[in-house]
Novice: 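The structure that follows is given in the form of structure tokens.
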Amino acid sequence: MNPAPHASPQTKPRTDLETNPSASFHSAPRANFRRAYGMALAGAIGALIGLFWYVELVHTNNIWVRDCWAGIAIGGAIGFVLNAAEPFRDGAWLKLSRMGTWGGIAGAIGGAIGLLIGEFVLGGLRGGLLGRSISWSILGLGIGISQGLAHRSLQRLIFGVIGGATGGFIGGFLFEALRVALAERFGYAPSQALGIVVLGAGLGLFLALVEQALRRAWLQVLSGRQEGRIFLLTNRTSTIGLDERAHVGLFGDSQVARRHAEIIITSSGYALCNRDAKARTRVNGTQLSGERILADGDKIELGGTRLVFHKR
């Protein structure tokens with residue numbers, strides 16, 4: 001019989017997050033910053049890719065055709081990269097293809113509609129920052145909708161609509177302001193590229209900030225390959241495991257089952273249920289049997305991965 005973990009001198013030392021109950025609270029700002037930074041970076045990269053496609057592939061003097069293709073290229077690329085970034089990091093290729101496809105399609109549709117409407121607004125306002133901001137806001141709206149579609153979550157859809165529209169409006173305002181201010185000094189192409197980067201980063205940033213401000217329940221990984229990672233619990237049933245379709249994918253832990261556990265939203269709260277008879281699931285050090293309603297701050301052990309549950 002193996003000695004108990006606390007009695008073994010060979011046991012791996014626990015991190016501050018595990019030994020100090022308040023450590024997860026103090027680490028939350030750092031995890032939130034990483035999430036916001038990652039989303040902003042993904043948005044900026046997607047915007048640059050979209051601009052490259054547009055410049056290389058679209059050659060027309062017709063302003064309507066040009067704006068339609070610009071919206072498709074830029075919106076589609078931003079939507080794809082924003083949705084595909086996390087599955088790519090996890091190596092979850094099936095999830096990447098599904099989420100990236102939803103992101104690309106919704107972003108392309110939103111981009112095309114947004115920039116075409118923007119031309120009508122610009123015509124009515126005779127140019128100006130407001131018209132451009134509105135058109136990019138609609139592009140952001142399409143990308144935000146893709147977040148809800150990709151995660152199949154109404155709550156994510158609401159977060160995406162608010163964050164995408166806000167980020168698109170503010171990012172679009174900054175895009176146009178930078179393009180106009182810097183074009184005379186540095187030329188049109190560099191100023192446009194910088195403006196597009198700011199637009200994409202703004203979209204990603206505001207999607208992350210709205211998500212953090214409005215989220216109701218989430219899991220934060222305390223130890224394992226994904227230490228510090230935050231998973232929102234926005235679906236009625238959130239699956240946890242190694243399956244690429246899992247809402248909380250704990251990849252890299254061989255002790256975690258493909259469909260290890262679920263967190264279900266019930267009338268009593270968020271209930272944790274074990275879904276694999278052979279899988280090890282503990283809550284606050286006690287083996288889980290049946291269903292358990294989680295309280296804010298509960299520590300969960302799934303295989304060799306430890307997490308903390310939070311709710312508002």
Novice: Quick one: does any side-chain atom of D253 pair with a main-chain N or O of Q255 as donor and acceptor, under 3.5 Å?
Specialist: yes
Novice: Using the rule that Ile, Leu, Val, Met, Phe, Trp and Tyr join whenever any side-chain heavy atoms are under 4.5 Å apart, tell me whether I196 and F206 fall into a single cluster.
Specialist: no
Novice: With the threshold set at 4.0 Å, does a side-chain nitrogen-carboxylate oxygen contact exist between E86 and R35?
Specialist: yes
Novice: Do K311 side-chain atoms and F309 backbone N/O form a donor-acceptor pair below 3.5 Å?
Specialist: no
Novice: Hey, could you give me the CD1/CG distance between I138 and L116, rounded to the nearest 0.5 Å?
Specialist: 10.0 Å
Novice: Just how far is it from atom CZ of R215 to atom CD1 of I230, taken to the nearest 0.5 Å?
Specialist: 4.5 Å
Novice: Do F231 and V221 make a side-chain contact, defined as non-hydrogen atoms from C-beta onward lying under 4.5 Å apart?
Specialist: yes
Novice: Could you list the residues that satisfy side-chain contact (heavy atoms from CB on, under 4.5 Å) with I105, not counting sequence neighbours?
Specialist: T101, I109
Novice: Should L157 and L154 count as side-chain neighbours, where that means a heavy-atom distance under 4.5 Å?
Specialist: yes
Novice: Between the side chain of Q226 and the main-chain N/O of G249, is any donor-acceptor distance below 3.5 Å?
Specialist: yes
Novice: For a side-chain contact (heavy atoms from CB on, under 4.5 Å) check, start with the C-alpha distance between L222 and E227, then their side-chain angles and the critical distance, and finish with the verdict.
Specialist: CA-CA 5 Å; L222 301 182; E227 184 171 331; 5.9 Å; no
Novice: Assess the residue pair S191 and L194 against the criterion (side-chain contact (heavy atoms from CB on, under 4.5 Å)); give the C-alpha distance rounded to whole Å, side-chain angles, the decisive distance to 0.1 Å, and a yes or no.
Specialist: CA-CA 5 Å; S191 61; L194 178 60; 5.8 Å; no
Novice: Does S153 form a side-chain contact (heavy atoms from CB on, under 4.5 Å) with N235? I'd like the steps, not just the answer.
Specialist: CA-CA 6 Å; S153 165; N235 296 76; 4.0 Å; yes
Novice: Of the non-hydrogen atoms in L139 and G71, which two are nearest, and what is the gap between them?
Specialist: CD1-O, 4.3 Å
Novice: So which heavy atom on S137 is nearest to which on A165, and how close?
Specialist: OG-O, 2.9 Å
Novice: Is there side-chain contact between N83 and Q147, with at least one heavy-atom pair below 4.5 Å?
Specialist: yes
Novice: Provide the closest heavy-atom pair for A257 versus A279 in the form atom of the first, atom of the second, distance.
Specialist: CB-CB, 4.3 Å
Novice: For the residue pair V55 and H59, what are the closest heavy atoms and their distance?
Specialist: O-CE1, 3.5 Å
Novice: Considering non-hydrogen atoms only, spot the tightest contact between F251 and L242 and give its length.
Specialist: CE2-O, 3.1 Å
Novice: Got a second to check how far S238's OG is from I263's CD1, nearest 0.5 Å?
Specialist: 6.5 Å
Novice: Under 4.5 Å between any side-chain heavy atoms of L302 and R280, yes or no?
Specialist: no
Novice: Would you mind reporting whether L307 and I240 have side-chain heavy atoms less than 4.5 Å apart?
Specialist: no
Novice: Parallel, tilted or perpendicular: which describes the rings of W136 and F175, with under 30° parallel and over 60° perpendicular?
Specialist: perpendicular
Novice: Do Y270 and R216 come close enough that some side-chain heavy atom pair is under 4.5 Å?
Specialist: yes
Novice: How would you list, by chain and number, every residue that makes a ring-ring contact (aromatic ring centres under 6.0 Å, His included) with F52, sequence neighbours excluded?
Specialist: none
Novice: Ignoring hydrogens and geometry, is there a side-chain-to-backbone donor-acceptor pair from K95 to A246 under 3.5 Å?
Specialist: yes
Novice: Test side-chain contact (heavy atoms from CB on, under 4.5 Å) on V248 and L233; report intermediate values, then the result.
Specialist: CA-CA 8 Å; V248 181; L233 302 174; 4.2 Å; yes
Novice: How close do A106 and G142 get, heavy atom to heavy atom, and via which atoms?
Specialist: CB-O, 3.4 Å
Novice: Flag the pair D90 and R229 as a salt bridge only when some basic side-chain nitrogen lies within less than 4.0 angstrom of an acidic carboxylate oxygen.
Specialist: yes
Novice: Taking side chain as C-beta onward, heavy atoms only, is D298 less than 4.5 Å from V308?
Specialist: no
Novice: Taking a hydrophobic cluster as the set of Ile, Leu, Val, Met, Phe, Trp and Tyr residues connected by side-chain heavy atoms closer than 4.5 Å, whether directly or through intermediates, do L51 and V198 fall within one such cluster?
Specialist: no
Novice: Check whether any side-chain heavy atom of L82 sits under 4.5 Å from a side-chain heavy atom of M39, and report yes or no.
Specialist: yes
Novice: For I264, what residues pass the side-chain contact (heavy atoms from CB on, under 4.5 Å) criterion, not counting sequence neighbours?
Specialist: T237, E262, T266, C273, R275
Novice: Does any N or O in the side chain of T166 come within less than 3.5 Å of the main-chain N or O of G163, such that one atom is a donor and the other an acceptor?
Specialist: no
Novice: What residues join V197 in its hydrophobic cluster, counting side-chain heavy atom gaps under 4.5 Å, either direct or through other members?
Specialist: L48
Novice: Check H260, R245, H247 against T239 for a side-chain hydrogen bond (donor to acceptor under 3.5 Å, both in side chains) and give me the one that passes.
Specialist: H247
Novice: To the nearest 0.5 Å, what is the distance between CG (L214) and CG (L209)?
Specialist: 10.5 Å
Novice: Tell me whether V81 is reachable from L96 by hopping between hydrophobic residues (I, L, V, M, F, W, Y) whose side-chain heavy atoms are closer than 4.5 Å.
Specialist: yes
Novice: Is L199 reachable from L205 through a run of hydrophobic residues whose side-chain heavy atoms are each under 4.5 Å from the next?
Specialist: no
Novice: So, taking the atom named CD in Q287 and the one named CG in N274, what distance separates them when rounded to the nearest 0.5 Å?
Specialist: 7.0 Å
Novice: Are a donor atom and an acceptor atom from the side chains of H151 and T234 found within less than 3.5 Å of each other?
Specialist: no
Novice: Hey, could you give me the CG/CZ distance between L219 and R306, rounded to the nearest 0.5 Å?
Specialist: 15.5 Å
Novice: Within the 3.5 Å criterion, strictly below it, is a donor on D296 or H310 matched to an acceptor on the partner's side chain?
Specialist: yes
Novice: Assign the ring pair F88 / W93 to parallel, tilted or perpendicular, where the plane angle (0 to 90°) is split at 30° and 60°.
Specialist: perpendicular
Novice: If you look only at pairs with a residue in residues 143-159, which of them pass as a salt bridge (charged side-chain N to carboxylate O under 4.0 Å, His left out), with sequence neighbours excluded?
Specialist: R156-E211
Novice: Determine whether F159 and L203 fall in the same hydrophobic cluster, where Ile, Leu, Val, Met, Phe, Trp and Tyr are linked whenever their side-chain heavy atoms lie under 4.5 Å apart.
Specialist: no
Novice: For N62, check side-chain contact (heavy atoms from CB on, under 4.5 Å) against everything at least two apart and list the hits.
Specialist: T60, W64, V65
Novice: May I ask you to check whether over 12 heavy atoms, not counting those of W69, lie within 6.0 Å of atom CH2?
Specialist: no
